[in-house]
Amino acid sequence: MVRILITGSNGQVGSEIIEFLKKTTDCNILATDITQPKEQVEGVQYEYMDVKERVLVESIFKKFKPENVYHLAAILSATGEKDPVVTHNVNSTGTINILSACVTNGVQRAFIPSTIGVYGPETPKENAPVDNYSLPTTMYGITKVTSEMLFKYYHSRYNLDVRSVRYPGLISYKVEPTAGTTDFSVDMIKHAAMGKKYTCYLKSDTRLPMMYMPDAMSNTMKLMYQDTVKRRVYNFMSYSTSPGEMEEIIRNRIPNFQVEYAPDYRQAIAESWPASINIEDSVNDWGFNCKFDLEKTIDDMLDHYTSPA
Ligand code: AKB
């Protein structure tokens, strides 16, 4: 039974990873976060852990002795702009604390997600290359570039097997995203399912890379189960879409759905990111592939909101 420690376990990705691992692996999971889980998954242990607290992190690792780690605790782009110092402490200090604990406790493999937020305004808008990102303009992006540099350092200096993907906007219904720039995608579908008008904080033609959570999970696990990898970080994206395009697809299913556009500070964040990113290495190196296009994503999301299991 593989011993797996997860940080940020109550978040949008954390809660899905726990479910996915439970279904697909014979594992003993310690789920950690700074908040209580809304629902506890049977057979999973839960513990308070603030990744900023190095001594606490070390002691929990020493006690649990994880073989694999999924470090998901992070402050996302929109909230990140509200308090840059806290964002830096959680995202950068938190990451080095986890990397250090992985080395001192002999962790075999770690997953530390990155983001399209590492790209900045000078990056090509379309098909942004995996290796050539410009300087990000958000604190979230700065901390994630730092985190990529930190895990590459820990890999080359300590031979720690860290793997990472740059997630695009992730669309999911289980735990909603609360703090990102791409959250409109989930909010819009949810409002439509509830028969409510939606006020979107981005302009209708703002295109961003996106992906449905089941594809994000299956591809993340596929990467984690490769014996070896050629790169430490891979790009993930299923489709590039905009609020306007999503509105149109939803309106084909719910004709009276209404959207109003009232861009706020998140527009500048979205405009600093590429509209699409290059996923060739993910496809060629280990067979990245997605089942859900945008229409299928919207249909599946609407189904879950209107007839929850
Ligand atoms: C955000 O919007 O901050 C995140 C991300 C793209 O990393 N969803």
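Just so we're clear, the structure is a prediction, and the values are computed from it rather than from any experiment.
Of the possible donor and acceptor atoms, one in the side chain of Ser9 sits under 3.5 Å from a partner among the backbone N and O of Thr32. A donor-acceptor pair under 3.5 Å links the side-chain atoms of Thr7 to the main chain of Leu72, judged by distance alone. Between the Gln226 side chain and the Lys222 main chain, a donor and an acceptor come within less than 3.5 Å of each other. Side-chain N or O atoms of Thr79 include none that pairs as donor or acceptor with a backbone N or O of Leu76 at under 3.5 Å. At least one donor-acceptor pair under 3.5 Å links the side chain of Lys125 to the backbone N or O of Trp273. Looking at Ser282, its side chain never comes within 3.5 Å of a backbone N or O of Tyr234 through a donor-acceptor pair. When atom types are taken as modelled, the side chain of Asn91 and the backbone of Thr143 share no donor-acceptor pair closer than 3.5 angstrom. Of the possible polar contacts, one joining the Asn235 side chain to the Asn278 backbone as a donor-acceptor pair under 3.5 Å is found. Side-chain atoms of Ser100 do not come within 3.5 Å of backbone N or O of Asn97 as any donor-acceptor pair. For Arg109 (side chain) and Met224 (main-chain N/O), a donor-acceptor pair under 3.5 Å exists by modelled atom type.
No continuous path of ILVMFWY side-chain contacts below 4.5 Å connects Tyr70 to Ile96, so the two sit in separate hydrophobic clusters. Both Tyr212 and Met210 are part of a single hydrophobic cluster, where members link through side-chain heavy atoms under 4.5 Å apart. The hydrophobic cluster containing Met301 also contains Phe257, counting ILVMFWY residues as joined when their side-chain heavy atoms lie under 4.5 angstrom apart, directly or transitively. Hydrophobic clustering places Ile17 together with Met213 (ILVMFWY residues linked when any side-chain heavy atoms are closer than 4.5 Å, directly or through intermediates). No chain of hydrophobic side-chain contacts below 4.5 Å, direct or via other Ile, Leu, Val, Met, Phe, Trp or Tyr residues, connects Val233 to Val165.
Atom NZ of Lys190 and atom OH of Tyr173 lie 13.5 Å apart (nearest 0.5 Å). Between the CD1 atom in Ile298 and the CE atom in Met246 there is a gap of 4.5 Å [rounded to 0.5 Å]. For the atom pair OG of Ser164 and NZ of Lys144, the computed distance is 7.0 Å after rounding to the nearest 0.5 Å. Here the CD1 atom belonging to Ile116 is positioned 6.5 Å from the CD1 atom belonging to Ile277, to the nearest 0.5 angstrom. We find the CZ-NE2 distance between Phe184 and His191 to be 14.0 Å, quoted to the nearest 0.5 Å. The CG atom of Leu160 sits 10.5 Å away from atom CZ of Phe151, with the distance rounded to the nearest 0.5 Å.
Between Ser238 and Met211, the shortest heavy-atom contact is OG-CG, 3.3 Å. For Ala262 against Thr199, the heavy-atom pair with the smallest separation is CB-CG2, 3.9 Å. The heavy-atom pair separating Leu21 from Tyr225 by the smallest distance is CD2-OH, 3.9 Å. The nearest pair of heavy atoms linking Val186 to Ser172 is CG1-O, 3.5 Å. The heavy-atom pair separating Asn219 from Gly287 by the smallest distance is OD1-O, 4.5 Å. Shortest non-hydrogen contact noted between Thr228 and Arg163 is CA-NH2, 3.9 Å.
Other residues, nucleotides and ligands contribute only 12 or fewer heavy atoms inside 6.0 Å of the CD1 atom of Ile34. A 6.0 Å sphere centred on CD of Glu126 holds more than 12 heavy atoms belonging to other residues, nucleotides or ligands. Counting heavy-atom neighbours within 6.0 Å of Lys196 NZ, excluding the residue itself, gives a total of 12 or less. In Glu248, the CD atom is not crowded: 12 or fewer heavy atoms of neighbouring residues, nucleotides or ligands sit closer than 6.0 Å.
A 4.5 Å side-chain heavy-atom check between Met139 and Val85 finds every atom pair outside the cut-off. Looking at Tyr265 and Lys82, their side chains come closer than 4.5 Å, going by heavy atoms from C-beta outward. Annotation: side chain of Asn105 is not in contact with side chain of Lys65 (no heavy-atom distance under 4.5 Å). For the pair Pro113/Val13, no side-chain contact is recorded, criterion being any heavy-atom separation below 4.5 Å from C-beta on. Leu302 places a side-chain heavy atom less than 4.5 Å from the side chain of Ile254. In this structure, Gln12 and Glu176 have side chains that are not in contact, with every pair of non-hydrogen atoms separated by 4.5 Å or more. Using a 4.5 Å cut-off on side-chain heavy atoms (C-beta onward), Arg253 and Asp299 make contact. Side-chain contact check for Val175 versus Asn10: every heavy-atom pair is 4.5 Å or farther apart.
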Hey, mind stepping through Tyr239 and Thr297 against side chain to side chain donor-acceptor pair (under 3.5 Å) and telling me if it holds?
-> CA-CA 11 Å; Tyr239 35 80; Thr297 300; 2.7 Å; yes

Could you check Gln108 against Asp161 for side chain to side chain contact (heavy atoms under 4.5 Å, CB included), going step by step and ending with a plain yes or no?
-> CA-CA 7 Å; Gln108 288 161 10; Asp161 184 0; over 6 Å; no

Glu47 vs Phe64, side chain to side chain contact (heavy atoms under 4.5 Å, CB included): CA-CA, chis, key distance, verdict | CA-CA 11 Å; Glu47 193 156 337; Phe64 184 66; over 6 Å; no

Residue pair Asp183, Arg266: steps toward the side chain to side chain contact (heavy atoms under 4.5 Å, CB included) verdict | CA-CA 10 Å; Asp183 299 4; Arg266 287 167 280 192; 5.9 Å; no

For the pair Leu208 and Leu202, evaluate side chain to side chain contact (heavy atoms under 4.5 Å, CB included) and give the outcome as yes or no after the intermediate values.
-> CA-CA 11 Å; Leu208 288 166; Leu202 295 184; 4.1 Å; yes

List the steps and the verdict of side chain to side chain donor-acceptor pair (under 3.5 Å) for Ser77 and Thr181.
-> CA-CA 6 Å; Ser77 57; Thr181 302; 2.7 Å; yes

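Look at Lys203 and Asp205 and you find no salt bridge, because none of the NZ, NE, NH1 or NH2 atoms lies under 4.0 Å from a carboxylate O. Glu247 has a carboxylate O that lies under 4.0 Å from a charged side-chain N of Arg251, or vice versa, which qualifies the two as a salt bridge. Contact check on Lys230 versus Asp281 returns no salt bridge, with no Lys/Arg side-chain nitrogen under 4.0 Å from an Asp/Glu carboxylate oxygen. Residues Lys174 and Glu16 are not paired through a salt bridge, judged by the lack of any N-O separation under 4.0 Å between the basic side chain and the carboxylate. Taking the charged nitrogens against the carboxylate oxygens, Arg166 and Glu148 do have a contact shorter than 4.0 Å, which makes a salt bridge. Electrostatic pairing of Asp285 and Arg231 does not count as a salt bridge here, judged by no charged N lying under 4.0 Å from a carboxylate O.
Ring geometry for Tyr153 against Tyr158 counts as perpendicular: the plane angle is over 60°, on a 0 to 90° scale with 30° as the lower cut.
Take Tyr167 and apply the ring pair (Phe, Tyr, Trp, His ring centres under 6.0 Å) test, not counting sequence neighbours, and it matches Phe236. Partners of Glu245 under the salt bridge (charged side-chain N to carboxylate O under 4.0 Å, His left out) rule, at least two apart in sequence or in another chain, do not exist in this structure.
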